[in-house]
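What follows is a set of notes on a single structure, which appears directly below.
Note that the coordinates shown come from a computational prediction; the quantities given were computed from them, not determined experimentally. These numbers come from the heavy atoms of this one structure, side chains and all, not from hydrogens, waters or symmetry mates.
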Amino acid sequence: MESLKTLIEAALTDFVQSHTGMRIALKPSKKAHLATASFLRTDAKAAATTLHERRETCRLFGVPLLDSVTEENGWLLFRFTGAVLDAYAKRLLPAPAPDESYFARRMQILSRHEDTKTPDDPALLQGVYEVLFDAPNAEETLLSAPHKKDGMERVKLEQSLSRAAKIILWERRNKK
């Protein structure tokens, strides 16, 4: 199966091009899941408004990809839904054996939890998409996301990472 990263990038660039006429270059962002500065040549606020209003038409696996499109200092900031992770994870086989890194072993453990819907927790989704798009310190961002919660809330959030962990392990396996 094709990489989720590749599928998201293709869907998003096609969506932006169809509504603005511009081809974009995407990069990870701490303020969103992906960002682009291509709109410095045009009205970024107007482009963000247009794209945000039409975000329902940007779909992957039959579910909406975009949660929001905003603008900040000439950058378009894209936030994705958790539904895309769920839809993609359902297409994957059980998670492959991890490499020897702590992060991969942790993802293997998390992938064994009950198969539940990915929560729409902003810190958690930020970490997942940072890992998918190879952002700096992404592993730390993802592993620390549940620790922003207390007690059972933290445990439940960690246990709901099964689909995201499975995707991450497959994405890493496919890079090799």
Side-chain angles (χ1 to χ4, degrees), residues 2-91 110 116-149 153-154 156-158 160-168 171:
E2 197 168 355
S3 160
L4 180 58
K5 175 184 175 182
T6 303
L7 294 169
I8 288 174
E9 288 173 338
L12 190 56
T13 55
D14 290 347
F15 170 72
V16 172
Q17 186 172 24
S18 70
H19 292 292
T20 65
M22 294 188 71
R23 232 25 209 162
I24 57 172
L26 297 163
K27 65 178 271 177
S29 169
K30 286 288 184 189
K31 296 184 178 201
H33 300 138
L34 280 179
T36 185
S38 297
F39 286 88
L40 294 173
R41 295 170 279 163
T42 188
D43 185 352
K45 287 184 192 266
T49 300
T50 299
L51 294 171
H52 182 76
E53 289 171 354
R54 298 178 181 163
R55 70 187 183 280
E56 284 293 320
T57 63
C58 185
R59 300 178 82 76
L60 196 55
F61 313 117
V63 298
L65 171 62
L66 290 169
D67 180 52
S68 68
V69 180
T70 57
E71 180 275 338
E72 187 174 311
N73 298 326
W75 287 81
L76 287 181
L77 304 175
F78 302 97
R79 289 199 154 282
F80 305 127
T81 65
V84 168
L85 298 174
D86 292 334
Y88 184 75
K90 289 178 183 176
R91 293 167 160 68
L110 293 173
T116 58
K117 180 182 177 301
T118 304
D120 286 326
D121 181 82
L124 178 87
L125 290 176
Q126 183 69 31
V128 170
Y129 286 112
E130 282 187 20
V131 169
L132 283 177
F133 292 100
D134 303 315
N137 303 316
E139 293 175 358
E140 182 180 313
T141 301
L142 177 58
L143 291 177
S144 66
H147 296 282
K148 294 175 181 165
K149 307 286 184 188
E153 209 177 334
R154 178 180 59 84
K156 285 181 183 178
L157 191 58
E158 283 181 335
S160 66
L161 280 171
S162 62
R163 291 180 181 175
K166 188 167 130 177
I167 290 168
I168 289 166
E171 292 287 308

Over all heavy atoms of both residues, which pair between Leu77 and Ser29 is shortest? Give the atoms and the distance, please. CD2-OG, 4.1 Å
Examine distances only and state if a side-chain atom of Glu153 and a backbone atom of Pro146 form a donor-acceptor pair shorter than 3.5 Å. no
Does any non-hydrogen side-chain atom of Pro28 lie less than 4.5 Å from one of Glu130? no
Heavy-atom distance under 4.5 Å between the side chains of Phe133 and Leu26, does that happen here? no
Heavy-atom donor-acceptor pair, Arg23 side chain to Gln17 backbone, under 3.5 Å: no
Test applied, side-chain contact (heavy atoms from CB on, under 4.5 Å); reference residue, Leu65; option that passes from Leu7, Thr81, Ile8: Ile8
Residue pair Leu4 / Tyr88: nearest heavy atoms and the distance that separates them: N-OH, 3.6 Å
Is the backbone N or O of Lys117 less than 3.5 Å from a side-chain atom of Asp86, with the two atoms forming a donor-acceptor pair by type? no
I'd like to check Leu66 versus Leu12 (side-chain heavy atoms, cut-off strictly below 4.5 Å). Are they in contact? yes
Verify, without hydrogens or angle tests, whether His33 (side chain) and Phe80 (backbone) share a donor-acceptor contact under 3.5 angstrom. yes
Between Thr141 and Gly127, which heavy-atom pair has the shortest distance, and what is it? CG2-CA, 3.8 Å
Heavy atoms of Leu157 and Lys149 approach each other most closely as CD2-CG, 4.0 Å
Indicate yes or no for a side-chain donor-acceptor contact from His52 to the backbone of Val69 under 3.5 Å, with no hydrogens or angles considered. yes
Counting only N and O atoms by type, is there a donor-acceptor contact under 3.5 Å from the side chain of Thr36 to the main-chain atoms of Ala25? yes
Distance check, rounded to the nearest 0.5 Å: Arg163 atom CZ versus Leu85 atom CG? 10.0 Å
With rounding to the nearest 0.5 angstrom, report the CG to CG distance, Leu143 to Leu110. 8.0 Å
Establish, from distance only, whether the side-chain atoms of Thr70 and Lys31 form a donor-acceptor pair under 3.5 Å. no
Taking side chain as C-beta onward, heavy atoms only, is Ile168 less than 4.5 Å from Leu142? yes
Can you confirm whether Lys30 is buried at NZ, in the sense that more than 12 heavy atoms of other residues, nucleotides or ligands lie under 6.0 Å from that atom? yes
For the CD atom of Glu9 and the CD1 atom of Ile24, what is their distance to the nearest 0.5 Å? 9.5 Å
Say whether, by atom type as modelled, one donor and one acceptor occur between the side chain of Glu71 and the main chain of Asn73 under 3.5 angstrom. yes
Heavy-atom side-chain contact between Phe61 and Arg91 under 4.5 Å: yes
Could you walk me through whether Lys148 and Asp121 pass the salt bridge (Lys or Arg N to Asp or Glu O under 4.0 Å) test, one step at a time? CA-CA 11 Å; Lys148 294 175 181 165; Asp121 181 82; over 6 Å; no
Once you round to the nearest 0.5 Å, how far does CG of Leu51 lie from OG of Ser18? 8.5 Å
What distance separates Arg79 CZ from Ser68 OG, expressed to the nearest 0.5 Å? 6.5 Å
Residue pair Leu76 / Ala48: nearest heavy atoms and the distance that separates them: CD2-CB, 3.5 Å
Sorted by chain and residue number, the side-chain contact (heavy atoms from CB on, under 4.5 Å) partners of Ser144 (sequence neighbours excluded) come out as none
Look at the rings of His19 and Phe15 and say which category their plane angle falls in: under 30° parallel, 30 to 60° tilted, over 60° perpendicular. perpendicular
Specify the closest pair of heavy atoms between Ala47 and Thr20, including all atoms of both residues, with the distance to one decimal. CB-CG2, 4.4 Å
